[in-house]
Trainee: 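Quick one: this structure, given as structure tokens, is what I'll be asking you about.
Everything quoted here is computed from the prediction, not taken from an experiment.
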Amino acid sequence: MQLLDVLTDDLAALNTATVIILNGGYEFLLLKNLRETHVLERLRILALAGKPIYGISAGAILLGPDLDLYAYLYPEDNTEQLASTTAINATTIRIYPHYDVHCEVKPQLPQLITDWEHKTGVTVKRLTNNQGLLVHGSQIKMIDSDS
């Protein structure tokens, strides 16, 4: 297994990678770094060509179209001052990972997400810490470690 740091390593390794894993962390900073290193569009092209990409938390969020939901919910987190929140856009699915844990910390979260969905006409897939999505083309499968 080869690890790649988009800030310091040769990005040609992306083309020959069997699988790409996008770590979690801070979604606005991750988006900024992928843009600055010109990896954002390359990841989109690779994903749409069928390269398996596994996103963890913020990495999974960035596989979707944008960070608009997060800019709405947590505007204070956009310390990178990103004017555009367009992400990899490998899928139209917008997710909210760690939903169960975040609802405990922020009880108004369910209503805030519902309000955003009504305002935008977009659906958010809420995922607990035991869930994930497997997206292959137009096929979407919920993965649940409890089942």
Trainee: Got more than 12 heavy atoms from elsewhere within 6.0 Å of OH, Y54?
Mentor: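 No, the 6.0 Å shell around OH holds no more than 12 heavy atoms from other groups.
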Trainee: If you round to the nearest 0.5 Å, how far is OG1 of T128 from NE2 of H98?
Mentor: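 Here the rounded value is 10.5 Å.
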Trainee: Quick check: Y70 with Y96 (ring centres under 6.0 Å apart)?
Mentor: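 So the answer is yes for these two rings.
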Trainee: Within a reach of under 6.0 Å around CD of Q139, are more than 12 heavy atoms found that belong to other residues, nucleotides or ligands?
Mentor: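 Not more than 12 within 6.0 Å, no.
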Trainee: Hey, what do you get for NE2 (H102) to CG (L73), rounding to the nearest 0.5 Å?
Mentor: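 H102 atom NE2 to L73 atom CG measures 11.0 Å (nearest 0.5 Å).
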Trainee: Could you grab the distance from atom OH of Y99 to atom NZ of K125, nearest 0.5 Å is fine?
Mentor: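 Rounded to the nearest 0.5 Å, the OH-NZ separation comes to 13.0 Å.
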Trainee: Report yes if the side chains of R126 and I113 come closer than 4.5 Å at any heavy-atom pair, otherwise no.
Mentor: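 SC-SC contact between R126 and I113 confirmed.
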Trainee: Strictly distance-based, threshold 3.5 Å: is any side-chain N or O of D100 a donor or acceptor partner for the main-chain N or O of N129?
Mentor: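 Here the side-chain-to-backbone pair exists.
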Trainee: For L67, which of N78, L30, I61 qualifies under side chain to side chain contact (heavy atoms under 4.5 Å, CB included)?
Mentor: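 The single option meeting the side chain to side chain contact (heavy atoms under 4.5 Å, CB included) with L67 is I61.
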Trainee: Would you call I53 and V19 a side-chain contact if the rule is heavy atoms closer than 4.5 Å?
Mentor: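 The answer is no; the side chains never approach within 4.5 Å.
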Trainee: My understanding is that only one of L46, L34, I88, L22 makes a side chain to side chain contact (heavy atoms under 4.5 Å, CB included) with V39; could you say which?
Mentor: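 When side chain to side chain contact (heavy atoms under 4.5 Å, CB included) is applied between V39 and each of L46, L34, I88, L22, only L34 qualifies.
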Trainee: Just so I know, are the side chains of R42 and R44 near enough to count as touching, which here means a heavy-atom distance under 4.5 Å?
Mentor: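 No. Closest side-chain heavy atoms not under 4.5 Å.
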Trainee: Checking side chain to side chain donor-acceptor pair (under 3.5 Å) for the pair T85/D68: CA distance, chi angles, key distance, verdict?
Mentor: CA-CA 6 Å; T85 63; D68 288 357; 2.3 Å; yes
Trainee: Donor-acceptor pair, distance only, cut-off 3.5 Å: does the side chain of E27 make one with the backbone of G59?
Mentor: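 No; judged by distance alone, with no hydrogens or angles, the pair does not exist.
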Trainee: Counting only heavy atoms not in K51 (residues, nucleotides, ligands), do more than 12 fall under 6.0 Å from its NZ?
Mentor: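 Yes - once you tally the heavy atoms of other residues, nucleotides and ligands closer than 6.0 Å, there are more than 12.
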Trainee: For the residue pair Y72 and D115, establish whether any side-chain heavy-atom pair is separated by less than 4.5 Å.
Mentor: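 Touching, per the 4.5 Å side-chain cut-off.
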